Amino acid sequence: MQYWLMKSEPEVFGIDDLQTMGIEPWDGVRNYQARNMLRDQMQIGDQVFFYHSNCGVPGIVGIAEIATQGYPDDTALNPESKYFDPKSDPLKPRWYRVDVKFVRKLHRTISLHALRAQTSLENMPLVRKGCRLSVMPVTPAEWQTILQLE
DNA sequence: GCCAACGTTGGC
DNA sequence: GCCAACGTTGGC
(Lines give C-alpha, C1' and ligand atoms only; values in the text may rest on other atoms or scores of the structure.)
Protein backbone atom coordinates (compact mmCIF):
# COMPACT_ATOMS: atom_id res chain seq x y z
CA MET A 1 0.00 0.00 0.00
CA GLN A 2 1.18 3.49 -0.84
CA TYR A 3 0.70 6.86 0.79
CA TRP A 4 -0.06 10.18 -0.86
CA LEU A 5 -0.72 13.80 -0.13
CA MET A 6 -3.30 15.74 -2.11
CA LYS A 7 -3.86 19.47 -1.98
CA SER A 8 -7.15 21.27 -2.26
CA GLU A 9 -8.31 24.76 -1.55
CA PRO A 10 -10.94 24.55 1.19
CA GLU A 11 -12.86 27.36 -0.52
CA VAL A 12 -13.25 25.10 -3.53
CA PHE A 13 -13.38 21.63 -1.99
CA GLY A 14 -12.36 20.98 1.60
CA ILE A 15 -12.31 18.05 4.00
CA ASP A 16 -15.82 18.93 5.20
CA ASP A 17 -17.09 18.66 1.64
CA LEU A 18 -15.50 15.23 1.29
CA GLN A 19 -17.04 14.16 4.59
CA THR A 20 -20.45 15.25 3.33
CA MET A 21 -20.05 13.58 -0.04
CA GLY A 22 -18.39 10.44 1.29
CA ILE A 23 -16.73 9.75 -2.02
CA GLU A 24 -15.84 12.16 -4.81
CA PRO A 25 -13.87 12.26 -8.06
CA TRP A 26 -10.62 14.15 -7.63
CA ASP A 27 -10.76 16.05 -10.90
CA GLY A 28 -9.27 19.18 -12.37
CA VAL A 29 -5.64 18.13 -11.96
CA ARG A 30 -3.81 19.75 -14.89
CA ASN A 31 -0.19 18.97 -14.22
CA TYR A 32 1.61 16.15 -15.97
CA GLN A 33 3.62 14.92 -13.01
CA ALA A 34 0.48 14.71 -10.89
CA ARG A 35 -1.44 13.20 -13.80
CA ASN A 36 1.07 10.38 -14.09
CA MET A 37 0.59 9.49 -10.43
CA LEU A 38 -3.19 9.54 -10.75
CA ARG A 39 -3.12 7.49 -13.93
CA ASP A 40 -0.34 5.01 -13.30
CA GLN A 41 0.49 4.65 -9.66
CA MET A 42 -2.50 5.04 -7.38
CA GLN A 43 -4.15 1.86 -6.18
CA ILE A 44 -7.43 1.24 -4.44
CA GLY A 45 -6.89 1.37 -0.69
CA ASP A 46 -3.90 3.74 -0.79
CA GLN A 47 -4.05 6.23 2.07
CA VAL A 48 -4.09 9.98 1.45
CA PHE A 49 -3.36 13.03 3.55
CA PHE A 50 -5.90 15.72 2.65
CA TYR A 51 -4.12 19.08 2.60
CA HIS A 52 -5.72 22.51 2.66
CA SER A 53 -3.84 25.06 0.58
CA ASN A 54 -4.29 28.75 -0.07
CA CYS A 55 -6.08 29.42 3.21
CA GLY A 56 -5.59 30.82 6.69
CA VAL A 57 -3.65 27.88 8.13
CA PRO A 58 -2.40 25.67 5.33
CA GLY A 59 -1.87 22.09 6.49
CA ILE A 60 -3.04 18.50 6.68
CA VAL A 61 -6.61 18.27 7.91
CA GLY A 62 -7.75 14.73 7.26
CA ILE A 63 -7.27 11.29 5.82
CA ALA A 64 -8.84 9.85 2.71
CA GLU A 65 -8.49 6.69 0.71
CA ILE A 66 -8.11 5.98 -2.99
CA ALA A 67 -11.35 4.37 -4.13
CA THR A 68 -10.70 3.79 -7.84
CA GLN A 69 -7.78 3.41 -10.15
CA GLY A 70 -7.11 6.32 -12.46
CA TYR A 71 -9.67 6.94 -15.20
CA PRO A 72 -10.12 9.76 -17.72
CA ASP A 73 -11.15 13.14 -16.33
CA ASP A 74 -14.23 14.07 -18.35
CA THR A 75 -14.24 17.63 -17.10
CA ALA A 76 -11.47 18.28 -19.64
CA LEU A 77 -13.97 17.55 -22.43
CA ASN A 78 -16.82 19.65 -21.10
CA PRO A 79 -16.80 23.25 -22.40
CA GLU A 80 -19.05 24.21 -19.48
CA SER A 81 -16.49 23.03 -16.95
CA LYS A 82 -13.93 25.35 -15.42
CA TYR A 83 -11.46 22.52 -16.02
CA PHE A 84 -12.20 22.35 -19.77
CA ASP A 85 -9.12 21.75 -21.89
CA PRO A 86 -9.75 22.37 -25.60
CA LYS A 87 -6.67 20.35 -26.47
CA SER A 88 -7.90 17.22 -24.77
CA ASP A 89 -8.91 14.44 -27.14
CA PRO A 90 -11.74 12.06 -26.15
CA LEU A 91 -9.99 9.20 -27.92
CA LYS A 92 -6.69 9.83 -26.22
CA PRO A 93 -7.46 11.36 -22.83
CA ARG A 94 -4.88 13.79 -21.59
CA TRP A 95 -6.09 14.13 -18.00
CA TYR A 96 -7.00 11.55 -15.40
CA ARG A 97 -8.66 11.45 -12.02
CA VAL A 98 -9.31 8.98 -9.23
CA ASP A 99 -12.19 8.74 -6.79
CA VAL A 100 -11.30 9.55 -3.22
CA LYS A 101 -13.17 8.33 -0.14
CA PHE A 102 -13.46 10.11 3.20
CA VAL A 103 -11.77 8.29 6.07
CA ARG A 104 -11.55 10.78 8.94
CA LYS A 105 -10.72 14.30 9.96
CA LEU A 106 -7.65 14.84 12.09
CA HIS A 107 -8.24 15.97 15.66
CA ARG A 108 -6.46 19.16 14.70
CA THR A 109 -4.77 20.62 11.66
CA ILE A 110 -1.14 19.70 11.24
CA SER A 111 0.02 23.01 9.84
CA LEU A 112 2.62 23.48 7.14
CA HIS A 113 4.53 25.38 9.79
CA ALA A 114 4.55 22.32 12.07
CA LEU A 115 5.59 20.07 9.20
CA ARG A 116 8.49 22.36 8.37
CA ALA A 117 9.62 22.22 11.99
CA GLN A 118 10.31 18.48 11.63
CA THR A 119 13.80 17.81 10.32
CA SER A 120 12.77 14.28 9.37
CA LEU A 121 10.29 15.74 6.88
CA GLU A 122 12.71 18.05 5.12
CA ASN A 123 12.79 15.83 2.03
CA MET A 124 9.06 16.11 1.43
CA PRO A 125 8.38 18.14 -1.73
CA LEU A 126 5.59 19.82 0.22
CA VAL A 127 7.87 21.75 2.54
CA ARG A 128 10.11 22.99 -0.26
CA LYS A 129 9.66 26.59 -1.17
CA GLY A 130 7.60 27.06 -4.29
CA CYS A 131 6.35 23.49 -4.44
CA ARG A 132 3.39 23.54 -6.77
CA LEU A 133 2.75 19.83 -7.04
CA SER A 134 -0.81 19.16 -5.93
CA VAL A 135 -0.39 15.40 -5.68
CA MET A 136 2.72 13.81 -4.22
CA PRO A 137 3.90 10.54 -2.72
CA VAL A 138 4.51 10.23 1.00
CA THR A 139 6.91 7.61 2.36
CA PRO A 140 5.72 5.22 5.07
CA ALA A 141 8.21 6.83 7.46
CA GLU A 142 6.86 10.30 6.69
CA TRP A 143 3.31 9.04 7.11
CA GLN A 144 4.09 7.72 10.60
CA THR A 145 5.99 10.84 11.59
CA ILE A 146 3.14 13.07 10.53
CA LEU A 147 0.48 11.01 12.30
CA GLN A 148 2.44 11.34 15.51
CA LEU A 149 2.11 15.12 15.23
CA GLU A 150 -1.66 14.92 15.42
C1' DG B 1 15.66 23.11 -29.00
C1' DC B 2 16.20 27.60 -26.78
C1' DC B 3 14.22 30.91 -24.00
C1' DA B 4 11.24 34.97 -23.02
C1' DA B 5 6.62 35.81 -21.95
C1' DC B 6 2.87 34.48 -19.67
C1' DG B 7 -0.30 32.17 -16.41
C1' DT B 8 -0.94 29.71 -12.14
C1' DT B 9 0.02 28.22 -7.53
C1' DG B 10 0.11 29.07 -2.96
C1' DG B 11 2.50 31.06 1.23
C1' DC B 12 2.46 35.10 3.54
C1' DG C 1 -3.20 41.57 -2.52
C1' DC C 2 1.67 40.71 -3.31
C1' DC C 3 5.05 38.20 -5.34
C1' DA C 4 8.40 34.26 -5.88
C1' DA C 5 8.61 29.97 -7.97
C1' DC C 6 7.59 27.21 -11.38
C1' DG C 7 5.22 24.97 -15.59
C1' DT C 8 3.65 25.84 -20.18
C1' DT C 9 3.48 28.09 -24.53
C1' DG C 10 5.00 29.71 -28.76
C1' DG C 11 8.17 32.43 -31.74
C1' DC C 12 12.34 31.88 -33.77
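In this text the structure is predicted, and so the values were computed from the model without any measurement. Lettering of chains follows the sequences in order, A, B, ..., and the numbering in each one begins at 1.
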Report each atom pair, protein N/O against N/O of nucleotides 9-12 of chain B, whose distance is under 3.5 angstrom.
{"unit_1": "B:dG10", "atom_1": "OP1", "unit_2": "A:Lys7", "atom_2": "NZ", "d": "3.0"}
{"unit_1": "B:dG10", "atom_1": "OP1", "unit_2": "A:Arg132", "atom_2": "O", "d": "3.4"}
{"unit_1": "B:dG10", "atom_1": "N7", "unit_2": "A:Asn54", "atom_2": "ND2", "d": "3.4"}
{"unit_1": "B:dG11", "atom_1": "OP1", "unit_2": "A:Tyr51", "atom_2": "OH", "d": "2.7"}
{"unit_1": "B:dG11", "atom_1": "OP2", "unit_2": "A:Asn54", "atom_2": "N", "d": "2.9"}
{"unit_1": "B:dC12", "atom_1": "OP1", "unit_2": "A:Arg116", "atom_2": "NH1", "d": "3.1"}

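Judged as a salt bridge (Lys or Arg N to Asp or Glu O under 4.0 Å), the pairs with a partner in residues 73-85 of chain A (not counting sequence neighbours) are, in order, A:Arg30-A:Asp73, A:Asp73-A:Arg97, A:Asp74-A:Arg97, A:Asp85-A:Arg94. Applying the salt bridge (Lys or Arg N to Asp or Glu O under 4.0 Å) rule to pairs touching residues 47-71 of chain A yields A:Glu65-A:Lys101, sequence neighbours excluded.
In terms of the side chain to side chain contact (heavy atoms under 4.5 Å, CB included) criterion, residue partners of A:Arg39 (sequence neighbours excluded) are, by chain and number, A:Arg35, A:Asn36, A:Tyr96.
Here A:Tyr32 is tied into one hydrophobic group with A:Trp95, each link being a pair of ILVMFWY side chains closer than 4.5 Å.
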Table please: side-chain donor-acceptor pairs of residues 20-29 of chain A below 3.5 Å, with sequence neighbours left out.
{"unit_1": "A:Thr20", "atom_1": "OG1", "unit_2": "A:Asp16", "atom_2": "O", "d": "2.9"}

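Between A:Lys129 and A:Arg94, the residue anchored nearer the 5' end of DNA chain C, judged by the nucleotide with its closest heavy atom, is A:Lys129.
For the pair A:Asp85 CG and C:dG7 C1', the interatomic distance rounds to 14 Å; values are reported in whole Å.
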